[in-house]
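All chains are named by letter (A, B, ...) in the order of the sequence lines, taking the proteins before the strands, and each is independently numbered beginning at 1. What you see below is based on every heavy atom in this structure, not just the backbone, and it leaves out hydrogens, waters and symmetry mates.
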There are 2 protein chains.
Amino acid sequence: MAQYSAQLDGLFDALADPTRRGVIRRLGRGPASVGDLAGEFPMTLPSFLKHVRALESAGIIRTSKTGRVRTCVLNRERLALAEDWLAEQRRIWEERTDRLEQFVAGTEEDQS
Amino acid sequence: MAQYSAQLDGLFDALADPTRRGVIRRLGRGPASVGDLAGEFPMTLPSFLKHVRALESAGIIRTSKTGRVRTCVLNRERLALAEDWLAEQRRIWEERTDRLEQFVAGTEEDQS
DNA sequence: CGGATAGTTAGCGCAAGGGCTAACTATTGA
DNA sequence: TCAATAGTTAGCCCTTGCGCTAACTATCCG
């Protein structure tokens, strides 16, 4: 559970950057090389590579090198982890508002 | 659109911390004071207060002070922004895998 | 009034994040 | 073979993040 939390740390942290979100969006349409990806962002290759590494160590992408080209692919399962956490918070919230509505309904009944 | 991106920066950044996620989960069950919330986390009040401020400036919670007590409430709409972004990435991904499947189906047809 | 309570501010130390340049390795292809 | 290409590493700078303590303000209550 502590590990689950640490995974979410890395995951959300990776998402908290426009460059990295841009990479995710791009990789949704299919794999791409580091160089091709980098071309879309206004920074040097070494700087960009750090973002790639960040995404990789968060588990959001997987990369492999053939020849001198490193190819990146999206790992949807990891993104689903973030979706799941948010969905659970929604569940907790909605459970409570449901109870609140029932309470209000009960109160109205008492007053009638 | 640039502003939308900056909002997501703050949003995901706020989510990238176990203390702040804990506060969100707790506030899902209903409003609470700063002191009550702080009691659940192993840090000093001033340190904790920074997290509260972070959540507030990300728009995830709203706070108000009456007397000497500051009460915090969750702002679900803001969390929905994060859900929406993730849902869009899923859409992009699924659109592509759909096309891929159609392509494969077409290829099999050719070979028959 | 005066002590206890709830929060707040200021400032400090340290680690990490995100950009850069310079210099390097490993492939590829003419 | 050798120049171009694709990525990689090291290291620097500056800002930000997150914990702390000390000291302060603003209520509340006996």
Next on the checklist: Per the salt bridge (Lys or Arg N to Asp or Glu O under 4.0 Å) rule, what does the pair list look like for residues 64-82 of chain B, sequence neighbours excluded?
Outcome noted: Arg76(B)-Glu83(B)

Checklist entry - Do Arg62(A) and Glu56(A) sit within salt-bridge range, that is, some charged N less than 4.0 Å from a carboxylate O? => result no

Checklist outcome for this item: Contact check, residues 47-55 of chain B vs DNA chain D, heavy-atom distance under 4.0 Å, returns Ser47(B), Lys50(B), His51(B)

Checklist entry - Is the side chain of Arg20(B) donor-acceptor paired with the backbone N or O of Ala14(B) at a distance under 3.5 Å, no angle test? => result yes

Checklist entry - Which heavy atom of Leu27(B) sits nearest a heavy atom of Cys72(B), and at what distance? => result CD2-O, 3.5 Å

Checklist entry - When rounded to the nearest 0.5 angstrom, what is the spacing between OG in Ser33(B) and CG in Asp36(B)? => result 3.5 Å

Checklist outcome for this item: Given Watson-Crick and G-U pairs under 3.5 Å, DNA chain D in dot-bracket ([ ] crossing, | other strand) is ||||||||||||||||||||||||||||||

Next on the checklist: Whole angstroms only, please: what is the CG-C1' distance between Leu45(B) and dC20(D)?
Outcome noted: 13 Å

Next on the checklist: Within this structure, what is the CG-CG distance for the pair Leu11(A) and Leu79(A), rounded to the nearest 0.5 Å?
Outcome noted: 6.5 Å

Checklist outcome for this item: Minimal heavy-atom distance between Arg90(A) and Ala80(B), with the atoms involved, is NH2-CB, 4.2 Å

Item to check | For Asp84(B), all residues meeting side chain to side chain donor-acceptor pair (under 3.5 Å), sequence neighbours excluded | outcome: none

Checklist entry - Are the side chain of Asn75(A) and the backbone N or O of Gly59(A) linked by a donor-acceptor pair below 3.5 Å? => result yes

Checklist entry - With a 4.5 Å limit on heavy-atom distance, are the side chains of Leu45(A) and Val34(A) in contact? => result yes

Checklist entry - Under a 4.0 Å heavy-atom cut-off, which of residues 60-72 of chain B touch DNA chain C? => result Lys65(B), Arg68(B), Val69(B), Arg70(B)

Checklist outcome for this item: Contact span of DNA chain C against chain A, any nucleotide atom under 4.0 Å from a heavy atom, 5' to 3', runs dG18(C) to dT28(C)

Item to check | Test: Asp9(B) and Arg21(A) ion pair at under 4.0 Å | outcome: yes

Next on the checklist: I'd like to know if the side chain of Arg25(A) and the backbone of Arg29(A) have a donor-acceptor N/O pair within less than 3.5 Å.
Outcome noted: no

